[in-house]
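The residues of the chain are indexed from 1 along the displayed sequence.
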Amino acid sequence: MKLSLALSMLDAALAEARRLEVNVCVSIVDAAAWPMAFARMDGAPLGVVDVSQKKARTAALFQMDSADFAAKGHPNGEAYTLENTNGGLTSFGGGLVIKATDGSFLGAIGVSGAKTEDDIAIARVAMKQAVNN
């Protein structure tokens, strides 16, 4: 993933969060789950810094949205406690896989600080930048 893409996605996510009047943290990682871009909005709780990073890492490391990962890691799932691996992951929505228009895997975005539905919506708005670039 190019830095320019990560930064344009970050800008789009922050604009959507402002539109929704929520304060979030946004983390964007590359295909190897290394940080590319991050922002903590004024007023976002400190605890969601780590959550946004883990949502992005979870999506990147398993190449699936964190909400889908939750289906595997819940108590009746096929991989209960999987979230305890890889230095700690997250098994709820807000982490989305970033793919290029040709389907190649670029990385992931994690948003945290609002309701889960809003975190996902903010990440989806940012994802439109990946499709348009």
side-chain contact (heavy atoms from CB on, under 4.5 Å) evaluation trace for V24 with V48: CA-CA 7 Å; V24 298; V48 300; over 6 Å; no
Do you know which two heavy atoms are closest between [X] and [Y], and how far apart they sit?
| X | Y | answer |
| --- | --- | --- |
| A13 | A126 | CB-CB, 3.9 Å |
| R57 | A33 | CG-O, 4.1 Å |
| D68 | M64 | C-SD, 3.9 Å |

Is the backbone N or O of A114 less than 3.5 Å from a side-chain atom of D119, with the two atoms forming a donor-acceptor pair by type?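 Yes: the side chain of D119 pairs with the backbone of A114.
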For the [atom1] atom of [X] and the [atom2] atom of [Y], what is their distance to the nearest 0.5 Å?
| X | Y | atom1 | atom2 | value |
| --- | --- | --- | --- | --- |
| S8 | K2 | OG | NZ | 11.5 Å |
| I109 | K55 | CD1 | NZ | 11.0 Å |
| L96 | T58 | CG | OG1 | 12.0 Å |
| R124 | M127 | CZ | CE | 9.5 Å |
| I122 | E117 | CD1 | CD | 11.0 Å |
| N23 | R40 | CG | CZ | 9.0 Å |

For D42, give me all partners under side-chain hydrogen bond (donor to acceptor under 3.5 Å, both in side chains), at least two apart in sequence or on another chain.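 With neighbours one apart ignored, the set is empty.
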Look at atom CD of E21 and say whether more than 12 heavy atoms of other residues, nucleotides or ligands are closer to it than 6.0 Å.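 Incorrect, the count does not exceed 12.
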Pairing of D50 and K54 as salt bridge, 4.0 angstrom limit: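 Counted as a salt bridge, because a side-chain N and a carboxylate O are separated by less than 4.0 Å.
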For [X], what residues pass the side-chain contact (heavy atoms from CB on, under 4.5 Å) criterion, not counting sequence neighbours?
| X | result |
| --- | --- |
| V97 | A59, D65, K99, F105 |
| V29 | A56, A60, A108 |
| D11 | none |

Under 3.5 Å, is there a donor on one side chain and an acceptor on the other for S112 and S52?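 Short answer, no.
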Start with the C-alpha gap between M9 and I98, add the side-chain angles, then the distance that decides, and say whether side-chain contact (heavy atoms from CB on, under 4.5 Å) holds. CA-CA 10 Å; M9 290 179 70; I98 303 167; 3.5 Å; yes
Do M41 and R18 have side chains that approach each other closer than 4.5 Å (heavy atoms only, starting at C-beta)?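 Answer yes - side chains close enough.
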Within the structure provided, determine whether L10 and I28 are in side-chain contact (heavy-atom separation under 4.5 Å).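 Touching, per the 4.5 Å side-chain cut-off.
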How is the hydrophobic cluster of V49 composed, in terms of its other members, when Ile, Leu, Val, Met, Phe, Trp and Tyr link through side-chain heavy atoms under 4.5 Å apart, directly or indirectly?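 So far as hydrophobic clustering goes, V49 is joined with F38.
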Remaining members of V51's ILVMFWY cluster at a side-chain heavy-atom cut-off under 4.5 Å?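 Its cluster mates, by chain and number, are F92.
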Hydrophobic clusters here meaning ILVMFWY residues chained together by side-chain heavy-atom distances under 4.5 Å, can you tell me if I120 and V125 are in one?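 No, I120 does not connect to V125 through the hydrophobic network.
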